[in-house]
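Because the structure is predicted, anything quoted here is derived from the model rather than measured. Proteins get letters first, then strands, A, B, ... in listed order; numbering begins at 1 in each.
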2 protein chains.
Amino acid sequence: MSIEAAVLTEIDTPAVLVDLVVARKNIERFQQYADSHKLRVRPHIKTHKIPAIAEMQLQAGACGITCQKVSEAEAMVQGSKAITDVLITYNIVGKAKLQRLRALSEKVNLSVVADSRTVVEGLSAAFKDSRAPLAVLVECNTGANRCGVASPHEAVSLAKLIAGMPGLVFGGLMTYPPIGAEAAVEAFMREAKAGIEENGISVPVVTSGGTPSMMHAADAPVTTEYRPGTYVYNDRSLVSRGACGWEDCALTVVATVISVPAVDRAVIDAGSKTLTSDLLGLAGYGHVLGRDDIAIDQLSEEHGRLVSTGPIGLSVGDKVRIVPNHACVVTNMVDEILVVDEGGEAPERWTVAARGRLV
Amino acid sequence: MSIEAAVLTEIDTPAVLVDLVVARKNIERFQQYADSHKLRVRPHIKTHKIPAIAEMQLQAGACGITCQKVSEAEAMVQGSKAITDVLITYNIVGKAKLQRLRALSEKVNLSVVADSRTVVEGLSAAFKDSRAPLAVLVECNTGANRCGVASPHEAVSLAKLIAGMPGLVFGGLMTYPPIGAEAAVEAFMREAKAGIEENGISVPVVTSGGTPSMMHAADAPVTTEYRPGTYVYNDRSLVSRGACGWEDCALTVVATVISVPAVDRAVIDAGSKTLTSDLLGLAGYGHVLGRDDIAIDQLSEEHGRLVSTGPIGLSVGDKVRIVPNHACVVTNMVDEILVVDEGGEAPERWTVAARGRLV
């Protein structure tokens with residue numbers, strides 16, 4: 001919100017602009033909450049994909065980072081010596097990925113998850129002759145119905161399997177819960193943890209995640225670690241949930257009006273190639289800062305259509321700043337972001353090092 | 001459809017795979033239709049973003065290419081000496097872009113569009129001292145309600161303005177119509193063309209576009225040129241419209257099953273970072289080839305959820321091929337595609353040269 005008009009004028013659009021002052025505040029806010037509840041913080045880097053921003057998170061007190069793919073983790077580790085502890089919250093399947101995982105494990109303290117015997121066996125085959133065992137957490141389905149074992153009972157079985165497998169060590173329990181599911185997380189994880197401990201296996205970590213519920217993380221006291229992602233930037237979906245305000249949104253898309261074909265309509269040079277088609281349950285594709293009367297009602301790849309409830313009052317060449325529905329996916333659309341910091345000088349270009357890392 | 005299982009086995013996923021045999025057939029099919037109706041073809045490269053595929057289109061008889069952004073055009077021109085004629089169907093606004101446009105105009109036969117006085121004045125200021133004038137077409141709104149002048153009358157006024165501007169020459173009329181709007185295109189363009197000619201200005205080109213309606217392009221006989229994009233690959237949206245069959249889909253996403261958490265459910269390693277959230281009016285996020293019983297009902301960034309009407313019958317490690325809802329946006333998610341050609345040998349890696357070119 002504090003970005004000067006003079007800064008906007010010089011930006012070639014569309015562009016993704018990040019205000020580091022806001023990002024730093026967002027990082028500190030959750031770190032303080034977590035510290036006060038003795039929760040470790042392990043931010044998911046999917047939101048920024050930039051080693052220098054991971055360093056800001058680590059400096060604030062994070063215990064390590066979370067990645068979703070091996071190639072993402074490689075890019076982050078290559079980009080910062082401060083990144084020494086990485087959890088990949090994904091079932092790693094296939095020879096090529098397992099080889100890369102093994103190579104990465106020799107550089108940093110690495111852990112992964114698994115939700116099936118097949119995944120565990122693949123990990124064991126890749127690590128059975130490694131210097132140090134790989135920590136494998138059991139992914140648990142606490143209601144999101146994506147991956148994860150279906151019951152605490154299954155979690156116990158898989159934990160026992162991991163603990164007995166060559167090259168592996170049981171690393172704990174992991175879940176990506178639906179929003180507001182602290183009670184379900186607590187019930188599932190407490191039962192699974194007790195069952196595993198009954199078998200003489202310790203449960204060093206119980207990790208949960210998700211920005212929308214992060215300020216309620218302590219309502220599931222079995223949790224030892226939390227993995228927020230979007231919190232560093234925030235976005236329209238989080239504002240719409242009341243999790244933050246527009247002033248807490250560190251990432252915006254800067255766009256230029258390229259056509260005003262009707263009194264209540266304008267077209268900007270940012271379409272789905274920048275804002276993406278992610279709706280996250282919302283109507284429209286983003287919020288034009290300072291213009292509550294405008295909806296972005298239609299995107300094609302290179303065009304965004306703005307419609308107002310009254311005269312739109314924009315001219316060809318005008319710049320607008322948009323808070324996207326979903327910050328993480330916007331990051332993945334650009335090779336570079338522009339960052340501004342205190343002082344409001346001309347933005348620097350930062351490479352999105354882990355953009356497009358799919359495998 | 002002809003891809004061998006042995007080829008799939010070796011692919012690290014998720015990956016975008018293009019069958020050049022199918023793409024070549026798709027290119028030839030429309031070129032033949034256009035030739036038989038004396039229509040020039042100017043394919044939109046947004047679908048593939050690859051100079052070598054543009055060369056296939058030019059070799060089949062295309063008169064040039066269409067791009068949406070200056071940076072896209074730069075990447076295409078840099079990638080192929082065969083690309084000598086480029087239409088950018090976009091209002092170019094802002095000093096930086098106009099400078100790049102001017103530089104590009106010295107390398108190829110370049111034309112652009114405009115739908116307002118402001119855009120025309122910007123173009124003229126940038127080209128008033130250029131060696132050759134820039135051809136500027138008037139973009140017309142024939143019902144899509146995106147950009148474009150609203151009436152034939154306005155088209156005439158803007159054509160007159162362009163014709164009188166230093167550094168510019170009037171290049172014709174352009175529209176991106178809604179699907180099935182041939183009658184509206186014909187009426188608008190015929191009236192605008194007549195009005196412009198009454199002013200002693202010739203209308204060398206009337207260009208329309210869009211794959212869904214392409215086999216009806218000749219129903220608007222005022223049209224001299226057509227700009228299909230998606231036709232080279234096709235996708236689920238076009239199959240659902242009856243425009244083609246699955247066997248005509250040249251682009252598929254190869255994914256691996258990474259979890260089978262329930263008897264009717266599986267999770268693959270392709271999410272919105274590969275398939276995108278584009279729905280194009282469809283339910284679900286793509287079609288699993290050979291599996292009409294499966295819906296891709298939910299995507300997160302790195303996970304795709306497959307649900308079947310019966311037992312899903314997939315195991316962790318299985319590969320699936322998915323026809324995405326929208327091929328063009330998938331191309332933009334990857335730095336490289338894998339291509340297979342006749343013979344079915346191991347795929348080659350082709351760089352998506354114009355990926356992520358936003359400005």
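In the displayed structure, A:Tyr90 atom OH is contacted under 6.0 Å by more than 12 heavy atoms of other residues, nucleotides or ligands.
In this structure, the portion of A:Gln298 lying under 4.5 Å from any heavy atom of chain B is its side chain and not its backbone. For B:Asp115, the part lying near chain A is the side chain, with the backbone staying farther off; criterion is any non-hydrogen pair under 4.5 Å. Residue A:Asn332 touches chain B through its side chain alone, counting heavy-atom pairs closer than 4.5 Å. When heavy atoms are compared at a cutoff of 4.5 Å, B:Glu336 does not approach chain A at all. For B:Ala144, the part sitting under 4.5 Å from any heavy atom of chain A is the backbone (N, CA, C, O) and nothing else. Only the side chain of B:Asp335 comes within contact range of chain A, with heavy atoms under 4.5 Å apart. Residue B:Val316 touches chain A through both its backbone and its side chain, counting heavy-atom pairs closer than 4.5 Å. With a threshold of 4.5 angstrom between heavy atoms, B:Val93 approaches chain A through side-chain atoms but not through N, CA, C or O. At a 4.5 Å heavy-atom cutoff, the contact between B:Asp269 and chain A is made by backbone and side-chain atoms alike.
Note: A:Ile92 CD1 to B:Thr256 OG1 = 11.5 Å, rounded to the nearest 0.5 Å. Once rounded to the nearest 0.5 Å, the distance linking OG1 of B:Thr118 with CG of A:Asp318 reads 10.0 Å. Annotation: the span from A:Gln68 atom CD to B:Lys273 atom NZ amounts to 8.5 Å, rounded to 0.5 Å. Considering CG of B:Asp12 and CZ of A:Arg100, their distance stands at 6.5 Å, rounded to 0.5 Å.
Ranking A:Met333, A:Glu139, A:Arg265 against chain B, the residue ahead of the rest is A:Arg265, based on heavy-atom pairs under 4.5 Å. Heavy-atom pairs under 4.5 Å with chain B peak, among A:Ala262, A:Ser259, A:Pro261, at A:Ser259. Highest contact tally toward chain B, considering only A:Gly271, A:Gly304, A:Pro14, A:Ala15, is held by A:Pro14 [criterion: heavy-atom pairs under 4.5 Å]. Taking chain A as the reference chain and counting heavy-atom pairs below 4.5 Å, the highest number among B:Arg305, B:His326, B:Lys97 is found for B:Lys97. Counting heavy-atom pairs closer than 4.5 Å to chain B, the top residue among A:Thr13, A:Asn141, A:Leu279, A:Thr274 is A:Thr13. Counting heavy-atom pairs closer than 4.5 Å to chain A, the top residue among B:Val260, B:Asn145, B:Thr276, B:Val334 is B:Asn145. Here B:Cys328 is the residue among B:Ser116, B:Cys328, B:Gly356 with the most heavy-atom pairs under 4.5 Å with chain A.
Proximity of A:Val329 to B:Ser272: side-chain heavy atoms (C-beta onward) are separated by under 4.5 Å at one or more points. Taking 4.5 Å as the limit, some side-chain heavy atom of A:Glu302 sits within range of a side-chain heavy atom of B:Glu72.
Within residues 146-155 of chain B, the residues having any heavy atom closer than 4.5 Å to a heavy atom of chain A are B:Arg146, B:Cys147, B:Gly148, listed by residue number.
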